[in-house]
Number of protein chains: 2
Amino acid sequence: MADIPTATVGRVVTYIRVLEELEAQNVLRASSGELARRAGVTPFQVRKDLTYFGRFGTRGIGYTVAVLRRELLRALGLDQTWNVVIVGMGRLGHAIANYPGASDYQFQNVGLFDVAPDVVGREVRGLTIQHMSQLGPFVASVAGTPRQVDMGLLTVPAEHAQAAAQALVAAGVGGILNFAPVVLQTQDLHLPEAFAAPGRREVTVENVDFLAGMKRLAFYMLGPQAGPAEE
Amino acid sequence: MADIPTATVGRVVTYIRVLEELEAQNVLRASSGELARRAGVTPFQVRKDLTYFGRFGTRGIGYTVAVLRRELLRALGLDQTWNVVIVGMGRLGHAIANYPGASDYQFQNVGLFDVAPDVVGREVRGLTIQHMSQLGPFVASVAGTPRQVDMGLLTVPAEHAQAAAQALVAAGVGGILNFAPVVLQTQDLHLPEAFAAPGRREVTVENVDFLAGMKRLAFYMLGPQAGPAEE
DNA sequence: CATTGTGAATCCCTTCACAGCT
DNA sequence: AGCTGTGAAGGGATTCACAATG
């Protein structure tokens with residue numbers, strides 16, 4: 001299979017959302033033009049993106065909303081359950097643990113962790129916040145069940161992010177969604193042998209950084225600006 | 001001036017952070033190799049990115065940390081103050097209002113808004129949460145001072161995001177950082193004539209979407225997978 | 001002489017035009 | 001007739017090699 005452009009992956013996530021909106025409005029079919037309009041891209045782009053995953057449309061007609069949604073969910077691995085732990089239960093961790101839709105799409109919060117004594121032991125949405133020292137044993141215990149802990153959401157202060165990432169990986173968690181405004185040094189992160197499934201031994205990191213978003217926004221709002229020494 | 005690749009803008013934000021780390025460690029100079037290592041990119045990339053903004057290095061030596069930082073901050077418009085309002089003071093809005101560093105870089109929270117009666121009137125970090133109906137008058141009042149309201153952080157539920165964006169734009173706020181998992185229909189968003197500064201009449205939107213981040217992460221964790229009908 | 005700055009080459013993604021299907 | 005699927009063209013972005021230089 002060809003490998004899929006990262007930009008395409010991001011857009012497909014959007015298409016799924018758009019398809020869910022359409023489904024909620026009882027729309028059965030949609031053309032690439034309609035999807036494109038709602039997703040804010042061109043119809044060409046929609047069709048090209050979809051060809052990376054298969055052929056889902058009917059010429060002359062368009063796409064069946066339910067079918068395309070199902071197929072794209074499968075393609076992204078969202079037809080299965082992903083067990084998630086949150087590391088860092090400050091305000092941001094709490095907001096995410098309580099976020100409506102965070103348990104959609106088969107993302108299941110299974111554990112909450114922090115180090116602050118005034119936070120450990122509290123209950124959030126039926127889960128008791130555990131101390132970070134329990135992370136290793138906890139993950140090991142979950143690993144015995146049908147599925148393991150798949151992802152860690154990193155919502156600790158920037159200065160502790162690398163250490164917390166290390167702890168997650170040492171515990172056997174191979175996927176990290178990093179909310180801290182730091183670049184995780186992934187060359188230091190290697191799953192222990194025991195967890196090194198064939199082809200899945202490396203750590204996968206995605207970043208969500210709203211401070212960076214504010215800065216990009218600021219730049220784009222400057223508009224056409226004076227460049228460097230114009231020559 | 002050449003226009004700057006969007007990917008470059010994102011990386012430059014990272015370089016600034018890296019430079020601040022270095023400054024905090026009292027490092028005076030750094031090569032493109034050192035910056036690249038910390039930013040997780042190649043040295044070529046760093047040098048090419050920087051040339052879009054000017055020539056900041058010394059051959060044979062490298063870059064002076066403080067100088068490069070200052071120049072990049074200026075290039076991104078982060079040497080000036082950006083006034084920010086938060087629309088949607090649920091858990092996420094609160095988390096952001098209280099986020100350490102959210103007031104760094106000359107981003108200044110100047111107003112907080114919501115519609116829920118149990119939230120309006122509460123005080124957060126010295127600001128009283130106002131009702132959305134006050135947004136227009138508030139922005140108009142700030143516009144009289146040296147600077148106006150530059151950005152709105154949209155932290156309302158998905159189903160209200162488009163309407164809230166409309167309200168921001170109608171009030172004269174031309175930059176939106178959208179946290180809701182929806183594609184804002186920007187063709188419906190036009191600044192009122194009164195605010196249409198030359199070259200700055202269109203609305204600028206950046207998205208920060210952690211649910212999308214989780215889905216992308218899930219996909220990348222699938223690893224090399226079976227493609228569509230292999231032929 | 002180590003390191004920057006940058007044209008040229010390469011690679012990848014987007015756009016397009018149209019063939020192919022229903 | 002209408003819309004998808006896709007090879008080809010076009011445009012950007014990344015990589016590279018090396019000339020420039022303090």
Side-chain angles (χ1 to χ4, degrees), chain A residues 1-15 18-19 22 27-65 67-69 71-72 75 216 219-220 227-231, chain B residues 1-15 18-19 22 27-65 67-69 71-72 75 216 227-231:
Chain A
M1 186 190 59
D3 40 82
I4 293 163
T6 58
T8 292
V9 176
R11 284 189 300 263
V12 168
V13 169
T14 302
Y15 302 155
V18 165
L19 289 162
L22 288 166
V27 177
L28 298 181
R29 278 199 278 261
S31 65
S32 58
E34 173 68 9
L35 296 175
R37 198 182 52 75
R38 293 190 179 237
V41 299
T42 67
F44 303 121
Q45 189 79 77
V46 170
R47 297 205 296 274
K48 178 62 88 179
D49 284 338
L50 295 182
T51 61
Y52 287 105
F53 297 96
R55 263 151 287 181
F56 309 116
T58 309
R59 292 168 200 240
I61 305 289
Y63 303 90
T64 303
V65 171
V67 171
L68 184 56
R69 170 171 178 266
E71 292 302 322
L72 293 182
R216 291 193 307 267
F219 172 72
Y220 289 118
E230 202 77 43
E231 58 210 55
Chain B
M1 186 190 58
D3 42 82
I4 294 162
T6 59
T8 293
V9 176
R11 284 189 299 264
V12 168
V13 169
T14 302
Y15 302 154
V18 166
L19 289 162
L22 288 166
V27 178
L28 298 181
R29 278 200 279 262
S31 66
S32 58
E34 173 68 9
L35 296 175
R37 197 181 54 74
R38 294 190 179 235
V41 300
T42 66
F44 302 122
Q45 189 78 80
V46 170
R47 297 205 296 275
K48 178 62 88 180
D49 284 338
L50 296 182
T51 61
Y52 287 105
F53 298 96
R55 263 152 288 182
F56 309 117
T58 309
R59 292 168 199 239
I61 305 288
Y63 303 91
T64 304
V65 171
V67 171
L68 184 55
R69 170 170 178 266
E71 292 302 321
L72 293 182
R216 291 193 307 269
E230 201 78 42
E231 59 210 52

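Below, chain A is the first sequence line, B the second, and so on; all start at residue 1.
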TODO: Could you tell me whether G57(A) contacts a base, only the sugar-phosphate backbone, or nothing, with contacts defined as non-hydrogen atoms closer than 4.0 Å?
DONE: sugar-phosphate

TODO: For R11(A), answer base if it contacts any base atom (sugar-phosphate contacts may also be present), sugar-phosphate if it contacts only those atoms, and nothing otherwise; contact means non-hydrogen atoms under 4.0 Å.
DONE: sugar-phosphate

Can you tell me how far [atom2] of [Y] sits from [atom1] of [X], rounded to the nearest 0.5 angstrom?
X	Y	atom1	atom2	answer
R38(A)	L19(A)	CZ	CG	10.0 Å
R216(B)	T6(A)	CZ	OG1	9.0 Å
Y15(B)	L68(B)	OH	CG	10.0 Å

Would you say [N] has OP1 or OP2 under 4.0 Å from some side-chain N or O of [X]?
X	N	answer
S32(B)	dT4(C)	yes
R47(B)	dG5(C)	no
Q45(B)	dA13(D)	no
R55(A)	dT6(D)	yes
T42(B)	dT15(D)	yes
Y63(A)	dG2(D)	no

What is the separation between atom [atom1] on [X] and atom [atom2] on [N], rounded to the nearest whole Å?
X	N	atom1	atom2	value
D3(A)	dC12(C)	CG	P	8 Å
D49(B)	dT4(C)	CG	P	14 Å
F53(A)	dT4(D)	CZ	C1'	17 Å
L68(B)	dT3(C)	CG	P	16 Å
R29(B)	dG22(D)	CZ	P	15 Å
K48(A)	dC16(C)	NZ	C1'	10 Å
Y52(A)	dT4(D)	OH	P	18 Å
R59(A)	dC21(C)	CZ	C1'	5 Å

Task: side chain to side chain contact (heavy atoms under 4.5 Å, CB included) partners of R29(A), counting only residues at least two apart - done: I61(A), T64(A)

- [ ] Identify, between T6(A) and F44(A), the residue whose nearest nucleotide on DNA chain C lies closer to the 5' end.
- [x] T6(A)

TODO: Identify, between T58(B) and T8(A), the residue whose nearest nucleotide on DNA chain C lies closer to the 5' end.
DONE: T58(B)

TODO: Can you tell me which residue pairs pass the salt bridge (charged side-chain N to carboxylate O under 4.0 Å, His left out) test with a partner in residues 41-50 of chain B, sequence neighbours excluded?
DONE: R11(B)-D49(B)

